[in-house]
Trainee: 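My questions all concern the structure below.
We name chains A, B, ... by the order of the sequence lines, and we start the count at 1 in each one. Because only heavy atoms are used, hydrogens play no part in the values below, and waters and symmetry mates are left out as well, while side chains stay in.
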Amino acid sequence: MNSSHLSVVVDLAPAHWHRSSLHTPSILDLPSFISQLLAFLNAHIAARHENTLAVFGAFPGESVLLYSSSDPPADYPPSDANSFPPFKMVNSIIIRNILSHLESSTADEQAPSALVSALIKALCYINRLTIEFNASTSNAAEGLEPLALPDPRILILSVSPDQTASYIPVMNSIFSAQKLKVTIDACQLFGPETVFLQQAAHLTGGSYIYLERRDALLQYLTMAFLPSPAVRETISVPTQDKIDFRAACFCHKNIVDVGFNQVSYQDPAASQSGQAFTATDRLFCVEVTPLISSVNPPKNGWRSSGYTIAGLGSRRLAAFRSYRIH
Amino acid sequence: MPTIVCTAKVVYKKTPGILELTDTLLQWTQNGQKAPSVRVPYAEAASLFCSKEGAPQVKLKIALFGDDNGHNFTFMASNPVALGEREKFKTELTTIIGRNRKVLDASSKLPTAPIPSSTTPIPQVSRPSIVPSRTSASRATSVSSDSIRATPIIPGIDPAADFRHRKNVFLNNPDLAVLHRELVVGGHITEAEFWEGREHLIYTQVAQDSQRKGKSGVIVDPRTETVDGVIQLTPQLIQDTFEQYPVVAKAHSENVPSKVFTCNVNDVVRIFFFTNTDTTKLSEAEFWTRYFRSKLFNAHRASIRSAATQHVVKDDPIFDKYLEKDDDELEPRRQRDVAMDLFVDLGATREDHEDTGNEKDVTMQAGKQKGALPLIRKGEGPSSKRLKLTTDEREVEGIDIEDLHDLEPSAGIALEMQDSQRYFEGQMQDTGQDGTKESLDIKSIIRNTVVNLQQWDLNLSQVNSLVLVLCYHSSKMFLKLKVERKAYDAALVSMTQNVHARLDAQSRKNDIPENLFKQMRSCQSAANEFLRHFWASISPPMSEGPTLGPSTPSQRAAKAAKMIAFLSRTHEKVTALAQIAQQQSVDPARVEVAMQPVLRAVDRALTFYHNKRLGQRLDQ
């Protein structure tokens, strides 16, 4: 095991951080969060010389790459005698980028933070690394299946609540992560538990933690998220035992306990015997289903009816609970 | 109590009843009667007749030794189901009769002592003279002890059919059968109550039973199953042979006297035959014996390893006449269906690709190994038949290619959503309501943050001794980071506990003794069943099919009360289980934890019931 790649997705929504800084009894504000985060990142790059790091910031309405160890900056910060140059470089670049982005941002400040967008960028980044990694091996020349990066992972540090509209992108990211063999770790720093991050961590074999002691963030970061997946085979890391598997319904984007899948009737004779159902992936909540089932669908009519979720394809969602409409 | 191998609803002498095959005898019970009025011990069965498939009535006739009239049963179920039922009887009886015949042959062809054929179908007495084997004798004598056996009739609309379907459900679902045994046979709830809410299982079973199975496409290849080289001849095998090798059917019809073959006008095929003295013609048995030894059969075998059996093959003046030349010429004897589906024919567009297409593969030569040709061509027969069956259905589909259709703008089906406004606003809701509540001045927040961070950036250049400080004990200034020991301790402890709990659960073995575990399981499933009935009686489910359960409010209330009485005992049961656990040196807490969800559900039902009662009393 030579190296371990870590992409960190940091939720930097000012509104939620503001609320977090007012949340008593234990206050966690952005500056103190960033100093603990930087300590954690320094720990990661110090753990092994070959370790790589990328940091993505999720600002309201847009996501930015804050730091990437594979693209060294043009201007090195002036080194001083008392600091370890690699740490200094990481810390100062991240701070500088956050600041410049906060100052110059023109996006709508009210918009929810682009956590999913940052997550997808992180996945793309890892994909790029995978391609570069494969270019140097003989695999690419022989046209073989690309090798997966050793031990890539993504850590999501979120302060925002779930956005139900982003359920499908999150699920798609989870599938991509599974394909790239990326482990997704997640830590919810503030607010309610998030269903989607729990699922993301669970489905990719990562660890999800809700920050209970908000005054001990660094402890959580080092203990749960510093060991790379390879190390976790030896060292158990804490995670949440209970996972909320609910999904968001397609129609109202509410998180529902019980949803209904559409059913296409293949053959009237077979449908009577209750055997030849094929369920699609759209999940509707109770309010809509009676209406849908009252419309008598023609043979395979749903497919042409124009509300297929693009990108969802025919994948079975592990999180979906499907029920048949009769 | 004898085990029942198979049962079916049949009509016997114009009276409906139930035909059952137990492990010792075949019996028929008139509907409503308790004791069977027809009993045929295994040893009595001489031969079996069946009506042809496709005949309007599905009949089964069993002839007895000395009573060729035998008994005639007509299956009452709808056609495909009845066929399946008869098939079961047929396979069972065929083996029994085969055994009987062997015994008969072994007993040096004793003259069959004719039994006066009784007009009334009363139980036959056993005939030890024909049945020298001990097992058969004991079977025959065990008849009397079976007379006590009564067919369980279950209250319902159509008891016999219902019973059969339910039995099939149990056969497919052993867990349910166990539950049934505990609750219904144990006398806790009635049969009807048990099935209430499970009607769909029966409907599914009925639907499954009524589905028709297609024909098997396997090449007929009779093999000797025992060392002595005996081929078990079943009616199915005969039929398949005739179908796949018409020449055998031809030989059969020309050489076996037809009066023996169809001895009954009612389209009945006789399976086992007595020897026959006509010398020019062959008896059924002779026919098959000679066929299996002939070259013809060898040519029909689905194997090219015929050389191994060469020594068994004898010249046979009759069958050799029907011998065809091996189909190993360059062109197959049976010409292919010329009208080939253009969509499957790869050669159809060959002329378009002469210049650009692939070279012909010269290494591939059809029929290079001549010996394999007949076998390959034989195999093509059944498979092309099957293909034809499927391609016929596909014909229209094949012509109708999606790409050829004009792109018509599809109107789609309007999704009428209740409260559709919410669909569009759903996205906004997450942030919207918070934003309005607090009306944060985001701009100023950002400004403050920036100022804070800039200051912090200055600090960064000052605070420099920042080699990794991962642990709380060096709680000094670190990137302006104050670390409090207490909080970090607490976090460490809680996370360690988390890991510990998980590892503990993993490492702990499931050491609850099987016996106790079984009791826990049965307690749980019984409580669940009572709960199901309780809630079903409180709020009856909407159901399309006829329900078996009570429908009037008073009946339902009575049932709910009964279920509550059962449920209130659950706590005692769990306590008892915990005590048993203690006796067996298992931690009783584990039993309690395991039963916790059930108890919670039970408590919920109890509270609900008592509140409801209270409410009713107040109303009065």
Trainee: Under 4.5 Å between any side-chain heavy atoms of K486(B) and D215(A), yes or no?
Mentor: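 SC-SC contact between K486(B) and D215(A) ruled out.
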Trainee: Heavy-atom distances under 4.5 Å only: say whether L102(A) touches chain B with side chain, backbone, both or neither.
Mentor: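 Backbone plus side chain of L102(A), per the 4.5 Å heavy-atom cut-off to chain B.
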Trainee: Can you list the steps and then say if D489(B) with Q219(A) is a side chain to side chain contact (heavy atoms under 4.5 Å, CB included)?
Mentor: CA-CA 9 Å; D489(B) 267 338; Q219(A) 181 69 40; over 6 Å; no
Trainee: For L217(A), which atoms come within 4.5 Å of any heavy atom of chain B: side chain, backbone, both, or neither?
Mentor: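 Answer is backbone: N, CA, C or O of L217(A) sit under 4.5 Å from chain B.
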Trainee: What's the shortest heavy-atom distance between Y488(B) and A216(A), and which atoms?
Mentor: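 Distance-wise, the nearest heavy atoms are CE1-CA, 3.2 Å.
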Trainee: Please report the closest heavy-atom contact between V237(A) and V499(B), naming both atoms and the distance.
Mentor: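 It is C-CG2, 3.6 Å.
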Trainee: Mind listing the closest non-hydrogen atom pair of P238(A) and M495(B) along with its distance?
Mentor: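 Distance-wise, the nearest heavy atoms are CG-SD, 3.4 Å.
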Trainee: Check the pair E212(A), S494(B) against side chain to side chain contact (heavy atoms under 4.5 Å, CB included), reporting the backbone distance first and the verdict last.
Mentor: CA-CA 9 Å; E212(A) 279 159 16; S494(B) 88; 4.2 Å; yes
Trainee: Name all residues meeting the side-chain hydrogen bond (donor to acceptor under 3.5 Å, both in side chains) criterion together with S160(A); count only those two or more places apart in sequence or in a different chain, and write none if there are none.
Mentor: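 S160(A) satisfies side-chain hydrogen bond (donor to acceptor under 3.5 Å, both in side chains) with D11(A), S113(A) only.
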Trainee: Is N498(B) reaching over with its side chain to a backbone N or O of T239(A), donor-acceptor style, under 3.5 angstrom?
Mentor: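 Yes, because the side chain of N498(B) sits within donor-acceptor range (under 3.5 Å) of the backbone of T239(A).
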Trainee: Which atom pair, heavy atoms only, marks the closest approach of A490(B) to R213(A)?
Mentor: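 Reported closest heavy-atom pair: CB-NH1, 3.4 Å.
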